Structure formats: structure tokens, C-alpha cells
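What follows is a single structure, written as C-alpha cells, with notes after it.
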Amino acid sequence: MNNYVKDVYEYILCKLSNHICDSWNRINLKVSASEIYRSLEEPPLEKFGEIALPTFKFLKKLSVDYNVLAESITTQTSKRKPEFISKVNVVRGYINFFINEEFAAKHLFNTVSNMGYDYGFIKVDKPLHIVVEHTSANPVHPLHIGHGRNAILGDVISRILAKRGHSVIRRFYVNDMGRQVAILAYGCLHLNNPLPKGKPDHFYGVIYSITNAVIEIDRLKREIEELKEKGRFEDLERTNNELLDWLNVLAELKGKEPKLVLELIEKLKGKEHESEIQKIMKAYEKRSSEKIVKIIRTICNNIVEGFKETLDKIGVEFDFWDWESDIVWSSIISKILEEARKSPYFTIHKGTSALDFSSLQKVSEVREKLKLPKTFEIPPLILQRSDGTTLYTMRDIAYSIIKFKNADKVINVIMSEQKLAQAQLRLALLALGYKREAYNLIHYSYEIVNLPGMRMSGRKGRFVDLDSLIEEAVSRAYLEVSKRNPKMDEEMKERIAKTVGLGAIRYALVSVSASKPLTFIWDDVLNFERNSGPYIQYTYARALNILRNYGKEVDFSLETLDYGILKKPIIRRLLILLIKFPKVFVKTAEELKPEYLAEYAGKLADTFNSFYTMEPVLKEPVEEKKRTKLYIVKTVEIVLKNILTLLGIEAPERM
RNA sequence: GGGCCCGUGGCCUAGCCUGGAUAGGGCACCGGCCUUCUAAGCCGGGGGUCCGGGGUUCGAAUCCCCGCGGGCCCGCCA
């Protein structure tokens, strides 16, 4: 067979819809095949078969008795014997269908034999150029698990979209113009711009945290004085608590870096932090001080190198590293400001230029297309400070336009608390006449990662950094590997430990819906048992092991197979799962929900592991049965490998 | 004050958009299975007001309304 169907399950659903449609038409019931197709669902229990048609909505619509509907199908099915259905049963308002195993298996094996490791990767008809911007952490401290969630999500959706046939570009936005970078530079300047020791993001991260804490403490102390003077005691308690929290932060830092903390406290004493920081920011933006430009660029470059090292460890790569400063220093900002002034939505808000969305956001088409909150009033967007320097959103508008240069669609992977800002960005683009950009900018939002009982905070230096997480994951995996394979050589052990540790992290971060807040618990993230990355990897290694021991290539020739054993429940279950993989992939890619893949992989692994204990493959005495089983095993191996590839998890040769 | 997200056995989670049959899993707990392709596994067991209350429906974890609890956002911060 040279012809093959890429999606066997889909093929069966279509054929079945037509069959039902035809059966009903014969007794003059007019329902379209597509309406039937849409009603088909999966029964909750195995004894109900694989495909179910609830008849409830048709009873009313056709004003016909349930028995008439059911009987027409059972009669037609037994008369015409469609090859893809083996059984129909009618239960409590449902018409249930059992897929013919032989039909499914023949098509599946033929498809897999043709597609190999492309099985399941159904391509879109019209591939797009898609930009995925993700991670984009401020270059002031090491990446933590929050960034890890962002990076893994961004990376995985990029991989999925690419396999779906799109061309994907991954970009990292280096936010070097923000206040946080200025604070770090401020600290470094007072330490006489030290050379980084160790990993640069960690080195600078400490300086940043201390400097920031000192500044916050001084600010809060001043605020408390003012509140006391004004007699606003109701605000005093809150501010006091905030101060205490920052004092704790500083104490925590002092525990780790006593010398540095004391030095910075000493050097920053009595300084006007705020105006100094403003000066740094302005100097950097206007490039008025060569020294500042050089220092900030050097610091950020070093930190970005640190990011790259970390991201490289978890297999995350970027095509472009876009520096915010490059955008500001280019002519694009002034061009956009000019466009803004010509825009009908331009306004002067509190003495500076802004965009006013009050009329625009009332257009319901705009609300819908930009996915704005239904009734929320979006405030005017201020474009620049009164001193003429740019604001973040202004730079973000420019960056968005740049990202759209050769792209049909841009996906920003950004945490959910930026939802309003992202909605504002889309509105701004529309207001400036960038309609295509506004309508095709997608905010892929995810919830934050918390520590148990504590909010993770980069600014407060309270976080589990990715490097430690990776190290811990790999060392835990190493213990497991050596326990199980005491005789294995050291190099192999370490390689497997790395594969397993990283697999655990990736799977843990991607298997929970992005919309759910994630509480970071070491033992959960580094779980190596069921429902984990290592579990999927282990299952893969087991399947591969059978194929390795078999010693020959599985050729998928459809002669000399035993289709009878496909009736065994465990094998049947595997077969049905395997034909569903293309559908799962398409759904995952269309909805950008990698957790679907994780869930499917878990189910497939469970089923395969049961099969593994119940149905020995290589010891199967009957050659035809053995071949059939081997085809199933080979297909499982391919599907698991394909899923691991999509999730960016390495598929280990052995474990 | 307004907006967004989340709430499912002790803990974590799927299902919710697109209503359908006995709410799937995992961790932890209890009991079995390694002379047979890797026990990171398999088989079995106990444990549930799907946050609460109304409504729509033949039918609600799912849709609508009103609450409750948790998180986040509403800056000339980023």
C-alpha cells in the first residue's frame, strides 16, 4: 500500500459519520454527516466501545422515537457490514461503536511504515511565520523557576508549532533599559565596577539584591517619617511591615554575603539613590556618558552569557537576542512618536503625550478581536516621561512592530499579571494603525510559580534559581541510576542522570495547565515515578529494549500477521490509543496546550507497561502473534519518542 | 471600587471553552508480584459536599446569576 491515511482515527470518525448519515437518510431522517460528526464523543468506559453517539439532541430535532434512530443504524450496520466497525451496541440513549481492530491496525501499520518518526505530525495547510518571544528575564539576577516555566513553555510551544509545519523564530528580549538594570549599575559603580567571579548572573544577582534592598529600606524609612509627620497612622502599619520585610531580606542576604552587604551599606550611606538612578537611566538612554553605556552593556552582556549557559543546560535556544537599548537608540522610536501624534487617539495626559483609548475600546469588534476584558475600562497609555525619555510600553510597541517584520503571528509568553499591559499594547498598535499586528499578537499567559507559603520574588532575592534546580535534579537522578545500575560505567551513569533529571523538570513544568498557579515543591518537580518525565522515558527505554533484543528492523509488512490477538483488551487498548496520537497532536498544536501531550503520554505509558508485564513479546511462541506485537511495540516507541521530542525531553537508549 | 485567573479525596492534578453514561490520574496509605523482553514497573484495596447557594436543561464539575476563599492587575515601574 503506497496510499495511506495520516490520521486513522479521524478517517474512521468520518467514515462512521457518513455511515450513520446514510442509515438515517434511508428512513428519511435528514441530518448532515458533519452534524453527526460533531456529536460523536468518547464513551467513559471500555465496555461501551470507542465511539459514542448520544441521540438526545436528535430525538427532539427529528421528533422521532429513540428506537427508530437506533434500529436504523443497527440494521444498516448488520446489512452493510462497514469494515471499520466491528460491533454496535445501544445503551440508554447512546449508540456505541466498536472499532474494527484489523481495519485500524492495518491502516496504522501502513501509516507508520510510511511516515516513520513523522507519525502523528499532521501539517497545517497554510504554514505561517511565527515569532515566539519568551523568557525575556531582566538581566539583573539568575533565572529562577518562574523563568523556567516560561522558558520551557515557550520552548515547547515553539517545537510543537514547528512540527505542525510553521516556521518558528524564537526571540529573547534583553530588557537592559529598565530601572532594575540601573539599580544594579548603581550598586556596581559604588563597588568600583568589580569583575565577575563565578557565574556572572549569580555574581551580579547578589549585588543587585543587596543594592535594591538598601534602596528600598532607605525609601521606606523616609516614607515612614513623612507619614508620622502627616499623622497618617493608618498607612503607617502597612509601610512598617513592608520595611520589616525588606530588613529581613537584607538580613537573609547578609547571612550569605556578609562582606558585600556591609560594604554596600557603607558606600551607599547618605546617598540620594533616586536621583542617581534617574541619572544613570537617562545617561544610558541618551548615550550621554560613554562610561555608563560601557558599564551597563558589559554587565548585561555578562549576565546574558550566564542566562545562555543555564538555558543551554535545559535545551532552550534562541534565534535572536534583541536588546531593548538597540531599539531605543535606533530611529524607530521617533518614527512611532510621530505616528502617534498624527493618530486620532493622541492626547496630552497630565502634561505628557499619551494615547487615549476611551472611544476605541468601545467598539465591540475591537474588544473581541483584541480579546480585551469585556467591560474593563483601559486607562490612557502614557508614551513618554515629561523629560522626553521613553517608557517601557513605548519601547514594547516598537519591539512588537520589529517582531512582526517577517511574521504573520507573534506569540509573547508572559506571565498573567501582564495581561492588562498586553491588552494595552494591542490597543496601542491598533490606534497607531498597526491593525495586522494588533490582531495577530497573542499573549500566551501563564501563572506564577510560588514557593510553599511564600511568593517567589526576583527583586527580593527569594527564589530557587534554575541552576540549583538542575543540579539537584541531576544529582538525585544520579543516585537513582547508580542504585539501579551499580555496574554501569561512570560516564554512562552521568549521561543518563542528566537526561532523567532534565526530563523530570521539563515534564513537571509542562504537564500542569499554564493557567494554574504552580507551587514549587522539590519532591513533586523531581518525581521520578508514575506521571513524570522519567516514567515516560523509562517506558520508552523498555520498548526500545524489546526492539533491540529482537535484533532486526521492524518492517511493517502486512502479511503474516495475527489480527486475532488485537482482540485482547490490553492490546486493543494500546492500538486504539496509538491511532489517536495524530488527533492529540493537532489539538495540542491548535490550542497550544502541551499538557494534553503529557496526559496522553502518561496514559500510553500506563497501558504499555501493563502490556509489557502481561504479554511477553520476544517469548511469544507463535511467529504471527509475535510480529503483530512487535509492530505495536515499534509504534509505541515511535509515538513516545515523538512526544518526548515535542516536549524537548531526551529519549534515553536505556535507563 | 473595577477587571482577570484559580478553587475537584490529606496533598497535587485531568475533565470546564464545545453540558451527556459510574468525576479520570498521580503522591501518600494498605495488601500482593523480581530464576521469565529493565520492579523508575505490574496487580489489588480504602479514601470525593467537584468551594457554597440559586437558575437554565430531559441531563450541570462543565453554561448563567449571587456569594465565599486564594492569587494577580488597575503608575511619567518594568
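On a predicted model such as this, the values are computed, not experimentally measured, just so you know. Every chain is numbered from 1, with letters handed out A, B, ... down the list of sequences.
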Check: Side chain of R179(A): nearest nucleotide among C37(B), A78(B), C17(B)?
Finding: A78(B)
Notebook entry, point to check: If you pin T393(A) and R92(A) to their nearest nucleotides in RNA chain B, which one's is more 5'?
Noted result: R92(A)
Item checked: d(CG, N450(A); P, C12(B)) in whole Å -> 12 Å
Check: So, is R459(A) near the phosphate of C77(B), with a side-chain N or O under 4.0 Å from OP1 or OP2?
Finding: no
Margin query: Can you tell me which nucleotide in C5(B), A28(B), C73(B) comes closest to the side chain of K419(A)?
Written below: C5(B)
Next item on the list: Select base, sugar-phosphate, or nothing to describe what N549(A) touches, counting heavy atoms under 4.0 Å on all strands.
Entry: sugar-phosphate
Check: Between F56(A) and Y94(A), does the ring centre distance come in under 6.0 Å?
Finding: yes
Next item on the list: Take the angle between the ring planes of F611(A) and F608(A) and call it parallel below 30°, perpendicular above 60°, tilted in between.
Entry: tilted
Next item on the list: Go through residues 607-614 of chain A and report each residue with a non-hydrogen atom lying under 4.0 Å from RNA chain B, sorted by number.
Entry: N609(A), S610(A), Y612(A), T613(A)
Notebook entry, point to check: Is the gap between the ring centers of H147(A) and F307(A) under 6.0 Å?
Noted result: no
Check: Under 4.0 angstrom, heavy atoms only, what part of the nucleic acid is L45(A) near: base, sugar-phosphate, or nothing?
Finding: base
Next item on the list: Determine the Euclidean distance between corresponding C1' atoms of A23(B) and G41(B); express it in Å to zero decimal places.
Entry: 27 Å
Check: Which whole number of Å gives the distance between the P atom of C63(B) and that of C5(B)?
Finding: 11 Å
Next item on the list: Please indicate whether R385(A) has more than 12 foreign heavy atoms, meaning atoms of other residues, nucleotides or ligands, lying under 6.0 Å from its CZ.
Entry: yes
Margin query: C77(B), OP1 or OP2 - any side-chain N/O from R219(A) closer than 4.0 Å?
Written below: no
Check: When all nucleic acid strands are considered with a 4.0 Å heavy-atom cut-off, which category describes S513(A): base, sugar-phosphate, or nothing?
Finding: sugar-phosphate
Note to self: Between G55(B) and U62(B), how many Å separate the two P atoms, rounded to a whole number?
What the structure shows: 14 Å
Check: Base, sugar-phosphate, or nothing for K587(A), non-hydrogen atoms under 4.0 angstrom?
Finding: base
Next item on the list: Could you work out which one of A39(B), C17(B), A21(B) sits closest to the side chain of Y94(A)?
Entry: A21(B)
Note to self: Quick check: on RNA chain B, is the nucleotide nearest D606(A) upstream (toward 5') of the one nearest E324(A), or the reverse? Name the residue that is more 5'.
What the structure shows: D606(A)
Check: Should C73(B) be called syn or anti, with syn set as within 90° of 0?
Finding: anti
Margin query: Nearest to the K516(A) side chain among U13(B), C5(B), U36(B), which nucleotide is it?
Written below: U13(B)
Margin query: Say we look at G9(B) and U49(B): how far apart would their C1' atoms be, to the nearest angstrom?
Written below: 11 Å
Checklist line | Under-3.5 Å donor-acceptor pair between K57(A) side chain and U57(B) base | finding: no
Check: Looking across every strand, which nucleic acid part, if any, lies under 4.0 Å from N138(A) by heavy atom: base, sugar-phosphate, or nothing?
Finding: sugar-phosphate
Margin query: Would you say the base of G20(B) stacks on F56(A) (centre-to-centre below 5.5 Å, plane angle below 30°)?
Written below: yes
Check: Counting side-chain heavy atoms from CB outward, which of C5(B), G20(B), A21(B) is closest to E41(A)?
Finding: G20(B)
Note to self: Can you confirm whether more than 12 heavy atoms, excluding those of K583(A), are under 6.0 Å from its NZ atom?
What the structure shows: yes
Notebook entry, point to check: For the side chain of Y538(A), counting heavy atoms from C-beta on, which of U22(B), A39(B), A21(B) is nearest?
Noted result: A39(B)
Check: Taking everything shown except K580(A) itself, do over 12 heavy atoms lie less than 6.0 Å from its NZ?
Finding: yes
Next item on the list: Choose from G41(B), C17(B), A78(B) the nucleotide whose nearest atom is closest to any side-chain atom of M281(A).
Entry: A78(B)
Check: Any side-chain donor-acceptor pair under 3.5 Å between Y173(A) and D396(A)?
Finding: no
Check: Nearest of C5(B), A39(B), A78(B) to any side-chain atom of S515(A)?
Finding: C5(B)
Next item on the list: In whole angstrom, give me the gap between the P atoms of G67(B) and G2(B).
Entry: 9 Å
Check: Can Y540(A) and E650(A) be counted as having a side-chain donor-acceptor contact under 3.5 angstrom?
Finding: no
Notebook entry, point to check: Donor-acceptor pair under 3.5 Å: do we get one between N96(A)'s side chain and the base of A21(B)?
Noted result: yes
Margin query: Tell me whether the side-chain N/O atoms of R385(A) come closer than 4.0 Å to OP1 or OP2 in C77(B).
Written below: yes
Notebook entry, point to check: C33(B) pairs with which nucleotide, Watson-Crick or G-U wobble, both distances below 3.5 Å?
Noted result: G41(B)
Item checked: Protein-nucleotide distance (I570(A), atom CD1; G41(B), atom C1'), rounded to Å -> 13 Å
Checklist line | Mutual orientation of the aromatic rings belonging to F463(A) and H141(A) [parallel < 30°, tilted 30-60°, perpendicular > 60°] | finding: tilted
Next item on the list: Check every atom of A21(B), C73(B), G15(B) against the side chain of E417(A) and return the nucleotide holding the closest atom.
Entry: C73(B)
Notebook entry, point to check: For C77(B), does OP1 or OP2 lie under 4.0 Å from any side-chain N or O of R395(A)?
Noted result: no
Check: When you compare U57(B) with G3(B), how far apart are their P atoms, in angstrom units rounded to a whole number?
Finding: 28 Å
Check: If you check the R455(A) side chain, which of A78(B), C73(B), C5(B) turns out closest?
Finding: C73(B)
Check: Using the C1' atom in both, what is the distance from G15(B) to A21(B), to the nearest Å?
Finding: 15 Å
Notebook entry, point to check: Pick one: which of K626(A), K625(A), R573(A), K629(A) meets salt bridge (Lys or Arg N to Asp or Glu O under 4.0 Å) with E615(A)?
Noted result: K629(A)
Notebook entry, point to check: Quick check, are the ring centers of Y538(A) and Y535(A) under 6.0 angstrom apart?
Noted result: no
Check: So, is K593(A) near the phosphate of A14(B), with a side-chain N or O under 4.0 Å from OP1 or OP2?
Finding: no
Margin query: Both distances below 3.5 Å, Watson-Crick or wobble geometry, any strand: find the nucleotide opposite C4(B).
Written below: G71(B)
Checklist line | Spacing of the C1' atoms in C43(B) and G7(B) (rounded, Å) | finding: 34 Å
Margin query: Base, sugar-phosphate or nothing for I382(A)? Non-hydrogen atoms, less than 4.0 Å.
Written below: sugar-phosphate
Note to self: Below the 4.0 Å mark, does C42(B) have OP1 or OP2 next to a side-chain nitrogen or oxygen of Y535(A)?
What the structure shows: yes
